[in-house]
Amino acid sequence: MLAQAKRYLRQAERVRDHIVLANIRLVVSLVKKYVTPPCSFDDLLSDGIQRLIRVVDKFDFERGFRFSTYAYRALSREAYRAVVMRKQEQDKTIGDPDLVDALAGKDDAMSSVDEHRWQQLREMLAQFVDRLDRRERFIIRSRYALGSHRTTRTLQYLAGRLGLSKERVRQLEQRAVAKMQEMARDRNLTDLAGGAV
């Protein structure tokens, strides 16, 4: 009985990982529309991938929605909320007209990220990961299916592999993401991604 339950759990994790990986491009295309001076492309992409994982966990197919519809709405709402909150933190005013201007006409203002830029982004990402410590590298590669890791792994799985608590793994992941965000700010990845306004 226990073995069967573990088998079902592994199958569920594989399906979950597959859904997350299949929808990464949705996150990329969506967050490009919300890049503003207080919200860089790399920050929104990092947040968006983490939100996508939560969206997959919360999705209930019995409600009759297609996953793509549910995910797009949920991710759009959260990206917009992130932009508004960061803009409010920066300006300390609600309903700032600059925010409306920044969000209006994004499709016209933003150029698409071509393959050359994607290659540059991938190379930089690999460099950033290499600069993390051993545990952080393993966690980031496992959580986001980078390098030789073909599936994303849960916090629980990594906790078991590393002999740590689930919360400790979460803390290490957050620390590693913060380090990489700082590296990205130093390299000015917003301009590289075509997201500067």
Side-chain angles (χ1 to χ4, degrees), residues 16-58 71-90 102-103 106 110 112-113 117-133 135-147 149-155 157-158 166-197:
R16 174 182 178 272
D17 293 346
H18 176 75
I19 294 172
V20 169
L21 290 172
N23 286 278
I24 293 292
R25 282 191 177 272
L26 171 65
V27 177
V28 172
S29 65
L30 194 152
V31 301
K32 284 194 296 182
K33 299 177 182 180
Y34 289 93
V35 175
T36 60
C39 295
S40 66
F41 176 83
D42 52 297
D43 286 341
L44 288 174
L45 181 60
S46 174
D47 292 346
I49 292 172
Q50 292 182 34
R51 279 196 296 273
L52 174 62
I53 293 170
R54 290 197 296 270
V55 166
V56 172
D57 289 338
K58 291 180 180 179
Y72 184 84
R73 289 178 180 170
L75 293 169
S76 296
R77 185 171 57 248
E78 290 300 319
Y80 177 78
R81 185 177 300 154
V83 171
V84 171
M85 288 178 64
R86 291 182 190 180
K87 189 66 176 176
Q88 287 175 355
E89 289 171 6
Q90 183 184 51
L103 293 176
K106 265 300 172 184
M110 293 285 296
S112 62
V113 181
R117 284 180 175 163
W118 272 119
Q119 184 59 36
Q120 288 179 296
L121 285 169
R122 283 192 290 265
E123 290 171 0
M124 286 187 189
L125 178 61
Q127 291 172 13
F128 297 163
V129 173
D130 287 342
R131 290 167 60 184
L132 300 173
D133 68 35
R135 284 192 308 187
E136 290 169 345
R137 280 197 305 272
F138 177 71
I139 290 169
I140 292 298
R141 286 171 176 162
S142 298
R143 290 287 282 155
Y144 299 100
L146 301 174
H149 298 264
R150 296 303 177 206
T151 58
T152 58
R153 296 297 187 179
T154 64
L155 293 173
Y157 172 87
L158 295 176
K166 185 176 169 182
E167 181 57 31
R168 181 58 182 150
V169 174
R170 186 193 314 277
Q171 291 170 358
L172 289 170
E173 179 187 5
Q174 290 174 344
R175 185 176 75 183
V177 169
K179 285 182 180 179
M180 293 174 69
Q181 287 174 338
E182 185 61 34
M183 295 176 204
R185 279 190 286 273
D186 291 343
R187 295 290 290 273
N188 199 10
L189 280 189
T190 301
D191 289 340
L192 177 63
V197 293

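In this text the structure is predicted, and so the values were computed from the model without any measurement.
Separation of atoms CZ (Arg135) and CG (Leu172) is listed at 5.0 Å; rounding is to 0.5 Å. Rounding to the nearest 0.5 Å places CG of Leu52 at 5.5 Å from CD1 of Ile24. Summarising the geometry, atom CZ belonging to Arg143 is positioned 7.0 Å from atom OG1 belonging to Thr154; distances are rounded to the nearest 0.5 Å. Considering CG of Leu30 and CZ of Arg51, their distance stands at 8.5 Å, rounded to 0.5 Å. The CG atom of Leu45 sits 9.0 Å away from the CG atom of Leu125 when rounded to the nearest 0.5 Å. Gln181 CD to Phe128 CZ: the interatomic distance, rounded to the nearest 0.5 Å, is 11.0 Å.
Side-chain atoms of Asp133 come within 3.5 Å of backbone atoms of Glu136 as a donor-acceptor pair (strictly under, hydrogens ignored).
The two residues Ala71 and Leu26 make their nearest non-hydrogen contact at CB-CD2, 4.1 Å. Looking at every heavy atom in both residues, Ser142 comes nearest to Leu158 through CB-CD2, 3.5 Å. When all heavy atoms of Leu132 and Arg137 are compared, the closest pair comes out as O-NH1, 2.6 Å. Here the shortest heavy-atom pairing between Gly48 and Leu75 reads O-CD2, 3.9 Å.
Salt-bridge annotation for Glu173 and Arg170: absent, with no side-chain N of the basic residue lying under 4.0 Å from a carboxylate O of the acidic one. Note on Arg81 versus Asp47: no salt bridge recorded, every NZ/NE/NH1/NH2 to OD/OE distance being 4.0 Å or above. Ion pairing of Glu182 with Lys179 is absent here, as no side-chain N (NZ or NE/NH1/NH2) approaches a carboxylate O to less than 4.0 Å.
Counting heavy atoms from C-beta on, the side chains of Ile53 and Asp57 come closer than 4.5 Å. Between Gln174 and Ile139 there is no side-chain heavy-atom pair separated by less than 4.5 Å.
Gln171 is linked by a side chain to side chain donor-acceptor pair (under 3.5 Å) to Arg168, counting only residues two or more places apart in sequence or in another chain. Listed by chain and number, the residues in a salt bridge (charged side-chain N to carboxylate O under 4.0 Å, His left out) with Arg77 amount to none (sequence neighbours excluded).
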Exercise for the section: Could you give me the CA-CA distance, side-chain angles and deciding distance for Ser76 and Tyr80, then say whether side chain to side chain contact (heavy atoms under 4.5 Å, CB included) is met? Expected result: CA-CA 6 Å; Ser76 296; Tyr80 177 78; over 6 Å; no
